[in-house]
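Here is the structure we will look at, set down as structure tokens.
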Amino acid sequence: MTIFTRRAALFAAGGVAGWGLSRWLGPDLPVYDGTRYTPAVSDATILNDASGLSPTPVHKHLVMTENADEALITAIRQELAQAQAEGRPVNVGAARHSMGAQAIPRDGTAITFDNGSVEIDSAAQTYRAHAGARWSQVIAALDPAGWSPKVMQSNHDFGVAATYSVNAHGWPVPFGPMGATVRSLRMILPDGELVTCSPTENADLFNLGMGGYGLIGIIVDLEVEMVSNTRLSPTFKVMEASAFANAFRQAVADPAVSMAYGRLNVERASFFEKALLITYRETEDQSDLPPASGSGWMSHAASRLYRAQLGNEAFKSFRWWNETTLGPALGGGEATRNSLINEPVVTLDDRNPDRTDILHEYFVGFESFDDFLAACREVIPASYQEFLNVTLRYVAQDDQAVLSFASEPRIAAVMSFSQEMTDRAEADMARMTQELIDRITAIGGAYYLPYRPHARLDQLTAAYPRAREFVQAKRALDPQLVLRNNLWDSYLGQL
């Protein structure tokens, strides 16, 4: 029997009606005449990422399946030594979902780990995962034993070590980035030395590697905190966008709230004027929890409704009504914690070779949220880009990572655009991105590094004031710069 998740139901409710309407309400998009396409390219010698806009030549691409023991350590050491002897870079990736080749070494050795081993330590409330384990594999291991990842990304396709390396976060509250839940890890440094790192052992390396994009060392495995899997029930509150920050702060401070996130409306005429706050609390009945489910066919309905917004303001309004009125009216929608986070990225895949989904993410303090709204209202609707969604999440203050994006408790705004695969769209995206970053750093905020490399170097140092400290430590640790990627080549290496 198929079990439907509440997350999918919220997103897909009304999807059938939406699909019917979309057959006669067509999109209003600019024509492609006169444009130059930038088709996605990828083959044995060229790696790309989720954007399809980062074709990068590599010397070779290795997939390593060894367990996190001596065989894997030896193989990594051999590749590091060979790359150093030949003057080539090395970088390790998993899903390579970053959108600016942040996990690809130009003309170097690209390594992908493909081993999903996970070992549970219930007494310590931790699990040890191979660096290449995907979150779907972690959930599959933890769920039967009644456990759940404490913090992970909102989709389950990504690697555990990769999440630590980009310092990603999720929507459980009141936590910070996933790196704050790592008890310890083993890492191979550029000179081949194997070290154990934690907040108390080799803490300098731990803090550099957390959000260090694989530039400090190659992670072998990690010990990560977990929490009990529970049955949760959602509540929904619609409000003016200006009221969201205060309502969100109160929800995060409520010990009964386990998960929380928000949305804003995206119609151009009333852009970011309304907000929806969704919170999850444990139900009284915590017996007989069902296995972590996927959304099945409902993901396709959700994708239809989501894609129907493209170039269609009426459908953007329809989706907002669906999320704020129809979805909540369908009922309680109880779901387990693991079911809520057990979703693949493909749920929203556009499958359109002429367009690509581009993410932005910005981090702003609660007191600056109104200024953030004003900046977005002035910049985004005036652009050429098609804006589809924004999700608002909480990130606790992060004093560990050298490249921290949360010097205070912050609201994270995860934005989704649908961009043409053309030169004109790329140029417009770069212009809009730089304008947004200027406005957001001016109010003390930051932008997230794994996405399109459109920021200026001065914008990076404004958002990440310890960037030069990171670079100095990197150069001392890796004088031959064997661990490199596009983030280093385009930005950090210039400092």
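Computed from heavy atoms alone, side chains included, the values below leave out hydrogens, waters and symmetry copies. Heads up: numbering here begins at 1 and tracks the sequence.
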Inset, instruction - May I ask you to check whether T56 and S54 show a side-chain donor-acceptor distance below 3.5 Å? - result: no
Legend entry - T126 versus E225, side-chain donor and acceptor atoms under 3.5 Å: no
Legend entry - OH-CG distance between Y261 and L340, expressed to the nearest 0.5 angstrom: 8.0 Å
Inset, instruction - Answer yes or no on whether K274 is positioned over the face of W320, meaning its NZ or CZ is under 6.0 Å from the six-membered ring centre and within 45° of the axis. - result: no
Legend entry - Carboxylate-amine/guanidinium contact E323 R319, below 4.0 Å: yes
Legend entry - Crowding at CZ, R431 (>12 non-hydrogen neighbours, <6.0 Å): yes
Legend entry - Evaluation steps, side-chain hydrogen bond (donor to acceptor under 3.5 Å, both in side chains), between S117 and R128: CA-CA 8 Å; S117 63; R128 179 161 293 279; over 6 Å; no
Inset, instruction - For the residue pair Y464 and S404, confirm or rule out a side-chain donor-acceptor distance under 3.5 Å. - result: no
Legend entry - Pair E378 + R439, salt bridge at N-O below 4.0 Å: yes
Inset, instruction - Report yes or no: do Q459 and D438 form a side-chain donor-acceptor pair below 3.5 Å? - result: yes
Inset, instruction - State, yes or no, whether a side-chain contact exists between R456 and I437 at a heavy-atom distance under 4.5 Å. - result: no
Legend entry - Modelled atom types, side-chain donor and acceptor of D221 and H130, under 3.5 Å: no
Inset, instruction - Taking only Lys NZ, Arg NE, NH1 and NH2, and the carboxylate oxygens of Asp or Glu, determine whether E79 and R77 approach each other closer than 4.0 Å. - result: no
Legend entry - Check ion pair R484-D489 (N to O, under 4.0 angstrom): yes
Legend entry - Spacing of CD1 belonging to I139 relative to CE belonging to M226, to within rounding of 0.5 Å: 14.0 Å
Legend entry - Over 12 foreign heavy atoms within 6.0 Å of CD, E119: no
Legend entry - Exercise: do R263 and T391 side chains pair donor with acceptor under 3.5 Å: yes
Inset, instruction - Salt-bridge test for K316 and E386: reply yes if a basic N is under 4.0 Å from a carboxylate O, no otherwise. - result: yes
Inset, instruction - Please state whether the rings of F366 and Y394 are parallel, tilted or perpendicular, taking 30° and 60° as the class boundaries. - result: tilted
Inset, instruction - Answer with yes or no whether the side chains of W171 and S154 bring together a donor and an acceptor at under 3.5 Å. - result: no
Inset, instruction - Scan side-chain atoms only and decide if T283 and Q286 contain a donor-acceptor pair under the 3.5 Å cut-off. - result: yes
Legend entry - Validation row, ring centre Y448 to ring centre F363 under 6.0 Å: yes
Legend entry - Main-chain N/O of G493 paired to R475 side chain as donor or acceptor, under 3.5 Å: yes
Legend entry - Donor + acceptor pair across side chains of T279, R281 (<3.5 Å): yes
Inset, instruction - Measure centre to centre between the rings of Y164 and F206, then say whether the value is under 6.0 Å. - result: yes
Legend entry - Salt-bridge contact E367-R249 (side-chain N to carboxylate O under 4.0 Å): yes
Legend entry - R231 (side chain) donor-acceptor with A335 (main chain) under 3.5 angstrom: no
Inset, instruction - Would you tell me whether E267 and N265 have side-chain atoms, one donor and one acceptor, within less than 3.5 Å of each other? - result: yes
Inset, instruction - Begin with the C-alpha distance, continue with both residues' side-chain angles, and end with the deciding distance and a verdict on ring pair (Phe, Tyr, Trp, His ring centres under 6.0 Å) for Y447 and H360. - result: CA-CA 8 Å; Y447 72 99; H360 288 207; 9.3 Å; no
Legend entry - Gap separating the CE atom of M429 from the CD1 atom of I358, nearest 0.5 angstrom: 6.0 Å
Inset, instruction - Would you check if there is a donor-acceptor pair between the side chains of T336 and N338 at a distance under 3.5 Å? - result: no
Legend entry - Student check: side-chain heavy atoms of L264 and F271 closer than 4.5 Å: no
Legend entry - E284 atom CD: more than 12 heavy-atom contacts under 6.0 Å: no
Legend entry - W135 and Y127 aromatic ring geometry - parallel, tilted or perpendicular at 30°/60° bounds: perpendicular
Inset, instruction - Indicate whether any N or O donor in one side chain lies under 3.5 Å from an N or O acceptor in the other, for R410 and S368. - result: no
Inset, instruction - Assign the ring pair F387 / F272 to parallel, tilted or perpendicular, where the plane angle (0 to 90°) is split at 30° and 60°. - result: perpendicular
Legend entry - No-hydrogen, no-angle side-chain donor-acceptor test under 3.5 Å, W147 and S228: no
Inset, instruction - Verify the distance criterion only: is there a donor paired with an acceptor across the side chains of Q419 and T356 at less than 3.5 Å? - result: no
